[in-house]
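Here is the structure we will look at, set down as structure tokens.
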Amino acid sequence: MKLRIAFSLAALALSAAAHADEVQVAVAANFTAPMRQIAPVFEQATGHKVVASFGGTGKFYAQIKNGAPFEILLSADDETPTKLAREGAAVAASQFTYARGKLVLWSANEAIVDDKGEVLKQAGFDHIALANPKLAPYGAAAVEAMKALGVLDSLAPKFVTAENIGQTFQFVKSGNALLGFVALSQVTRDNKLTEGSAWCCRPILPADQARMPSCSTRAWASRRPRRSWKFLRGDQARAVIRAYGYDLQPMFDADLQAIWLTVRLAGLTTLVLLVVGTPIAWWLARTGSRWRGPVGAVVALPIVLPPAVLGFYLLLLMGPHGPVGQFTQWAGIGLLPFTFWGLVVGSVCYSLPFVVQPLQNAFEAVGDRPLEVAATLGARPLDAFFSVAVPLAKPGFLTASILGFAHTVGEFGVVLMIGGNIPGKTEVVSMAIYNRVEAMEYAHAHALAGVLLVFSFLVLLALYTLNPGRKRP
């Protein structure tokens, strides 16, 4: 189970005068102990007081939907902030994996739980506690663990359902339930079991749980949530989180993930642009229509339009109230913002002129004569296009491919507006660099920026080497 930080949009604006030094934080119950230790360190470092509320992620979802004034949500899953963003109660802007939680079967009795969870297949207990699967991600994970072991149906009559993982721990701690599914962080300190017996259920669960995006709030302008976000990524907070048994995503792995996502996005975008842009470029190169100017202007618009403006209007179009968003919902596709395919759409629009214009120039350079010769030999227009125009325009296709790929790799503003910067889904290299700088992780920022610098040089080298221009006599 991956825990990710989410900045959730509060419907009620806070009074700046009354809460100038407070940060309203909603914290998933499993993260209670680490947060209580992190809060005073954060207050000392920043001067901002943390006002933390602890409970189930599902409960916080309902509260935020109804205007609860939280500035930060530390969620136990990714579904909740994603849902808030899609429903308009939050705006996905930035996020990262702040911890990786582990589900354990625990008993306060040292002689109960074995190292393989076989106790679940026995009938020697009356009650087993778990958090409400409908409200708490750890409860849903517990259900999946029991399904994987084939004991869900037999244990269902013994369930004692708690509101959240904190209450689940209390049921077992007090002896009201002999067993319970709790978070490893609740029963360990410095990676050692504090009491009782436990079995880590993670091996039988999916290696990757759903990812959770971060959502910016109206209070973002105050910079309090931003400072909190940066602090949670710092060494002090990470040391506390690790001490409570959480795993932390290695930054190197996150960087590689961002690079791979960028390559996938740029490759797919370039392929789509070659398919879509070729007929547009051919038409622009050959037509005498009065619409040639307006169409050419629309195609070239992303060159002069700020990327954030383009991303903003794409967000409106693809959002729940936009025509594209309404169509995709009607078609059962869902909403495109904050998804990889939403990034593909935005990248195609953003990089369109960098593919169409080189192709148009190449087709214009071909001229009419080769096509006329092909026509006299009986070639149909489509045959002449593929057998004559395309081979002669090959340098233009090469230039268009390189520029389209490179331009997509470097995009930032469009990703910022419609991508939401979700690791593994929408966090491309440019956004990863931005996040590393914001978190003062300059070594990682240098590494990623160096990758882009080398890549940019190689792109220019390829362009000048493969298309040297007209040689001097």
Side-chain angles (χ1 to χ4, degrees), residues 1-8 22-44 48-64 68 70-78 80-81 97-106 108 129-133 135-142 160-174 176-177 180-196 198 200 209 212 225 228-229 231-232 236-248:
M1 178 178 299
K2 294 183 179 180
L3 309 183
R4 295 180 183 272
I5 185 170
F7 296 89
S8 306
E22 293 182 352
V23 183
Q24 304 286 332
V25 186
V27 185
N30 73 89
F31 203 68
T32 299
M35 190 62 191
R36 292 192 188 281
Q37 189 169 337
I38 291 172
V41 182
F42 169 77
E43 291 172 359
Q44 183 177 8
H48 296 311
K49 179 178 177 58
V50 175
V51 180
S53 298
F54 303 95
T57 299
K59 180 186 72 175
F60 288 133
Y61 164 78
Q63 291 177 346
I64 292 171
F70 295 120
E71 298 177 74
I72 297 175
L73 167 65
L74 298 183
S75 173
D77 69 342
D78 70 327
T80 300
T97 302
Y98 69 91
R100 298 176 187 268
K102 299 177 183 178
L103 179 73
V104 296
L105 177 67
W106 180 69
L130 71 158
N132 188 337
L135 298 176
Y138 272 91
V160 177
T161 305
E163 179 184 355
N164 54 58
I165 199 72
Q167 192 177 53
T168 304
F169 173 79
Q170 291 301 325
F171 284 168
V172 183
K173 175 75 173 176
S174 64
N176 289 295
F181 287 96
V182 300
L184 181 64
S185 61
Q186 295 173 303
V187 296
T188 58
R189 293 296 182 275
D190 297 321
N191 295 314
K192 295 181 180 180
L193 194 65
T194 54
E195 63 175 307
C200 184
Q209 297 292 336
M212 186 177 75
S228 306
W229 173 74
F231 187 82
L232 279 169
Q236 289 177 294
R238 287 169 67 89
V240 173
I241 293 170
R242 188 180 290 109
Y244 278 88
Y246 291 99
D247 288 338
L248 294 169

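None of these values were measured; they are calculated from a predicted model. Residue numbers start at 1 and run along the sequence shown.
- Of the possible polar contacts, one joining the Thr168 side chain to the Ala131 backbone as a donor-acceptor pair under 3.5 Å is found.
- Not less than 6.0 angstrom separates the ring centroid of Trp106 from the ring centroid of Phe181.
- Counting all heavy atoms, side chain and backbone alike, Arg189 lies closest to Ala33 at NH2-CB, 4.1 Å.
- If you take CD1 on Ile72 and CD on Gln24, they are separated by 10.0 Å, rounding to the nearest 0.5 Å.
- Ring centers of Phe70 and Phe60: under 6.0 Å apart, within the cut-off.
- Interatomic distance, NZ of Lys59 versus CG of Asn132, reported as 12.5 Å (0.5 Å rounding).
- Expressed to the nearest 0.5 Å, how far CD of Gln170 lies from CG of Asn164 amounts to 10.0 Å.
- In this structure, OG1 on Thr57 lies 12.0 Å from CZ on Phe31, to the nearest 0.5 angstrom.
- Between Met35 and Leu74, the closest side-chain pair of non-hydrogen atoms falls below 4.5 Å.
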Let me see the working for Val23 and Phe42 under side-chain contact (heavy atoms from CB on, under 4.5 Å), right down to the final yes or no.
CA-CA 11 Å; Val23 183; Phe42 169 77; 4.3 Å; yes
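- With Glu43 contributing its side chain and Val50 its backbone, the two residues share a donor-acceptor pair below 3.5 Å.
- Side-chain contact between Val25 and Val51 is absent, with no heavy-atom pair separated by less than 4.5 Å.
- Checked against Val182 for a side-chain contact (heavy atoms from CB on, under 4.5 Å), the options Leu105, Leu103, Val104 give a single hit: Val104.
- Put simply, CZ on Phe54 and CD1 on Ile165 are 15.5 Å apart, with the number rounded to the nearest 0.5 Å.
- From Gln186, atom CD reaches atom OG1 of Thr188 across 9.5 Å, with rounding to the nearest 0.5 Å.
- Between Ile38 and Ile241 the shortest side-chain heavy-atom distance falls below 4.5 Å.
- A 4.5 Å side-chain heavy-atom check between Lys173 and Glu195 finds at least one atom pair inside the cut-off.
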